[in-house]
*Asks:* 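Let me begin by handing over the structure; questions about it come next.
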Amino acid sequence: MKNFLLTGMLALLVCIGQPEIGFAQIKTAKPRAGINTKAIVTMGASDRRSFDNDWLFSRFGLQPQGTTIPEPQGLEQVAVNDASWQKLDLPHDWAIQGPFRMDLAGETGKLPWKGIGWYRKHFNIPEADRGKRIFVDFDGAMAYARVWLNGHYLGTWPYGYSSFRMDLTPYLKFGGENVLAVNLNTEKWDSRWYPGAGIYRHVWLVKTNQVHIGHWGTYITTPEISKNAAKVKLAISVDNQGLIPVNALVSTDVYELNASNQRGAKVISAKRSVIRIGAGDSVTTNLQAFIFHPKLWDIVSPNRYVAETSVIVNGKVVDIYNTPFGVRTLQFTADKGFLLNGKRVAVQGTCNHHDLGALGAAFNISGLRRQLKILKEMGCNALRTSHNPPAPELLELADQMGFLVWDEAFDCWKHGKKKLDYNQLYDEWNEKDLKAMVHRDRNHPSVFIWSIGNEVMDQRDVEMTKYLAGVVHEEDPTRPISNGYNDPDGGRESGAVVALDVMGVNYFFSQQPKWDADPRYKNKPTIGSETASCVSSRGEYFGEKEYQNWQISSYDTAKPGWGCSPDEQFRTNAKFPNLLGEFVWTGFDYLGEPTPYGSDETNLLNFRNDPSKKAELEQKLEEMRIHNPPSRSSYFGIVDLAGFSKDRFYLYQSHWRPELPMVHILPHWNWAEKIGENIPVHVYTSGDEAELFVNDKSMGRKKKKPDVDYRLIWDSIKYEPGTVKVVAYKNGKEWATDIIKTTGQAAKLSLSVDRTVIGPDDYDLAFITVKVEDKEGLIVPRSHPLVKFIVEGPGEIVATDNGDATSLISFKSHERPAFNGLALVIVRTKKGMKGKFRVKVNSDGLEAAAVTIVAK
Ligand code: GAL
């Protein structure tokens with residue numbers, strides 16, 4: 001290994017572990033002219049373009065209304081007449097438009113996602129591309145994908161959450177029309193939540209030369225980091241799919257990368273490694289670099305770099321590949337918790353499923369970005385991708401916005417929780433799926449823990465745990481491996497946890513001191529991989545009661561048997577300061593799993609290790625089946641399905657952002673039928689003390705006991721209409737104020753929009769909140785007027801919602817009632833159009849409202 005510094009160079013790359021062969025024969029490529037340094041850097045190969053547009057779709061097997069259409073044979077053949085198939089652009093979720101059906105399981109959203117889908121795409125590849133390799137990359141297809149080109153079978157990838165590549169080259173017609181056919185089958189899949197159905201993530205067409213960097217072919221690590229320098233190691237795999245051996249010169253330049261994914265200054269001058277690659281072979285070369293005075297990635301300043309790797313053969317650049325990465329250190333300790341760049345960071349995370357509410361599973365970056373902004377605002381600093389690998393864009397956003405990510409592979413291993421679970425795939429696919437996750441995601445600085453599972457039935461299995469952890473470690477030894485245990489004692493007793501670097505505990509912390517003392521586990525860092533599971537419906541308050549009308553009171557105390565309130569979890573965290581932190585179940589409400597109104601078996605699974613409780617729950621479940629609740633989405637979210645914050649948002653914010661002056665009062669103050677009755681008032685504040693006033697009369701000043709109280713409660717306030725005001729204090733000084741008022745009747749609608757200017761393509765969305773207000777402009781709680789949505793101009797409605805988990809109105813509907821004063825409409829630009837469009841909302845007897853969106 002050579003290692004030398006050149007005067008005046010900011011940093012340098014040297015080749016390690018590779019013979020420097022054939023150097024003299026290879027001419028240096030000319031620098032490429034006209035590189036636009038402002039260009040947006042996209043990850044991966046340089047010729048990678050969207051393949052989302054202009055697909056044809058047809059559905060067989062189970063239909064939305066419950067009938068069945070037999071699947072014809074031979075739909076992969078070129079000659080199939082697909083003229084009448086539905087034209088669409090991806091990502092596509094074939095079930096999200098519904099209808100919601102009472103006969104379908106609440107657990108998977110009462111949506112008709114089971115079926116057999118065929119997608120076909122006709123496309124041309126120019127004659128000029130002959131000699132190239134042409135690939136299609138699927139970010140995710142639900143489920144059991146099988147792919148054909150021009151009638152030839154290319155392959156399969158059954159697990160709907162994995163990303164995969166298909167090589168089209170052998171059967172491609174250059175200079176002519178090609179037909180790509182994809183078959184998906186969700187009838188062969190079961191789920192504990194709404195999985196979606198279809199090609200629900202992006203698809204890419206990638207063109208390379210015969211010699212090119214492999215799929216996910218770069219792996220960047222930063223094994224030594226100091227203030228002065230970071231050692232950057234790059235393992236680069238180059239494939240030679242050509243017919244003759246080649247000498248390939250591999251070089252990498254590293255640039256700064258800004259938050260908008262634009263390349264900045266170059267920080268490393270490239271050095272080369274020359275490798276010989278036999279025909280049909282793949283060779284990995286290792287380069288090493290030093291970035292001097294590295295700008296570290298962290299959750300406050302998510303600084304990044306991009307490695308631009310070139311492959312040169314016979315003096316010609318044959319491939320360029322971008323790998324964004326970050327420089328940071330991760331330490332997981334049993335006593336000091338998690339250290340990011342040497343500083344303790346308490347993990348303030350949320351678990352989330354992959355659906356985007358009314359958009360369904362169809363991935364949309366505007367939808368995800370909106371969610372992450374809301375979570376950031378709350379003080380959330382970490383995401384758990386429960387219980388599967390996410391869309392790749394989640395990691396890109398997490399890198400850019402400064403989130404840590406617990407990247408999770410599976411909800412089950414060899415033994416399923418459902419009949420048609422991953423258990424069907426485990427033997428053949430576990431290694432392939434794990435490798436797909438790690439290879440795709442291991443350059444992201446945000447990924448800090450790999451998780452091999454969630455509450456898997458085999459969690460006590462020592463050999464299986466060791467084996468799966470081994471597969472991941474082999475592919476990435478730089479991050480710890482964990483597993484979410486709902487039977488943490490069982491996992492530790494059996495010794496399975498020994499194979500893990502971090503112990504993941506879902507809910508059950510009571511035995512923590514015992515395990516902290518056990519010689520096998522006393523040095524095992526532990527994290528709350530799933531906590532709380534508090535349930536609530538935005539804007540619903542039932543006083544003493546927690547459950548009513550299939551809704552749940554928002555005093556944030558209701559929880560299932562295995563869960564706890566946020567406050568109880570905060571107390572636990574304070575008791576065990578050695579824990580790394582927590583991932584709350586969940587940040588957002590999601591489709592499916594409407595616990596405790598699930599009339600299916602999900603709730604039972606949580607007690608599979610406690611037979612006495614199982615019997616009790618089975619009875620409850622039976623009663624639930626008789627009542628058949630309309631609930632079709634969860635109540636666990638801190639934020640509702642439409643993206644509106646529940647009260648809990650402020651409880652987490654008060655604890656997670658102690659420096660932010662804030663105070664929040666609940667409930668609302670519209671209780672005309674309860675004059676003189678007791679209405680408990682709860683206050684969430686980042687202060688330590690507060691005084692409550694009702695119509696200017698003080699109701700007393702209350703102080704939090706440190707590590708015990710996380711809310712202040714006035715539980716005997718006699719209701720009288722008017723104003724409730726709270727003044728919060730911190731260290732004796734006034735800190736923040738909140739006021740709520742009894743409102744008048746609903747008089748008008750008003751709109752607020754997250755962005756008034758959106759991009760030209762139909763992936764860019766604007767989220768418009770509709771508020772039902774009285775004539776003073778106060779939002780009227782408990783108001784549910786029917787709102788109608790109209791768009792004029794080159795825009796269109798994508799979906800509407802209101803956050804009500806019991807609503808069976810399709811998300812595609814252009815009218816729906818507000819739920820407790822709020823509704824949501826999601827709009828986009830019509831395909832291929834530009835200009836201004838107006839979104840209008842009206843409701844009988846209320847003043848209408850409108851907003852203009854500019855489509856650039
Ligand atoms: C956990 C499980 C989650 C979800 C949650 C609801 O046990 O891991 O997927 O079901 O319970 O509280």
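For the single chain, residues carry numbers from 1 onward in sequence order. Indexing begins at 1, ligand by ligand and atom by atom, following the structure's order. It should be emphasised that the depicted structure is a prediction, and the values quoted were computed from it without experimental measurement.
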*Asks:* Atoms of ligand 1 less than 4.0 Å from Glu455 heavy atoms?
*Replies:* 1 (C), 2 (C), 7 (O), 8 (O)
*Asks:* Within 45° of the six-membered ring axis of Phe100 and under 6.0 Å from that ring's centre, is NZ or CZ of Arg632 located there?
*Replies:* yes
*Asks:* Run the numbers for me: atoms of ligand 1, each under 4.0 Å from some heavy atom of Ser533, listed by number.
*Replies:* 6 (C), 12 (O)
*Asks:* Is the shortest distance from a heavy atom of Trp193 to ligand 1 less than 4.0 Å?
*Replies:* no
*Asks:* Going by ring pair (Phe, Tyr, Trp, His ring centres under 6.0 Å), His353 matches just one of Phe588, Phe636, Trp585, Tyr161. Which one?
*Replies:* Trp585
*Asks:* Looking at the rings of Trp94 and Trp113, which for Trp means the six-membered one, are their centres under 6.0 Å apart?
*Replies:* no
*Asks:* Which option, Glu530, His353, Glu107, owns the non-hydrogen atom nearest atom 8 (O) of ligand 1?
*Replies:* Glu530
*Asks:* Using heavy atoms and a 4.0 Å limit, tell me yes or no: is Asn454 in contact with ligand 1?
*Replies:* yes
*Asks:* Check ligand 1 against His387 and write out every atom of the ligand that is under 4.0 Å from a heavy-atom position of the residue.
*Replies:* 3 (C), 8 (O), 9 (O)
*Asks:* Does Ser536 reach the main-chain N or O of Ser554 with its side chain, forming a donor-acceptor pair under 3.5 Å?
*Replies:* no
*Asks:* If we only count heavy atoms from C-beta on, is the Asn486 to Tyr507 side-chain gap below 4.5 Å?
*Replies:* no
*Asks:* Is the shortest N/O to N/O distance between Arg192 and ligand 1 below 3.5 Å?
*Replies:* yes
*Asks:* Give yes if a backbone or side-chain nitrogen or oxygen of Glu593 is under 3.5 Å from a nitrogen or oxygen of ligand 1, and no if not.
*Replies:* yes
*Asks:* Just one of Tyr194, Tyr200, Tyr590 clears the ring pair (Phe, Tyr, Trp, His ring centres under 6.0 Å) bar with His354, so which one?
*Replies:* Tyr200
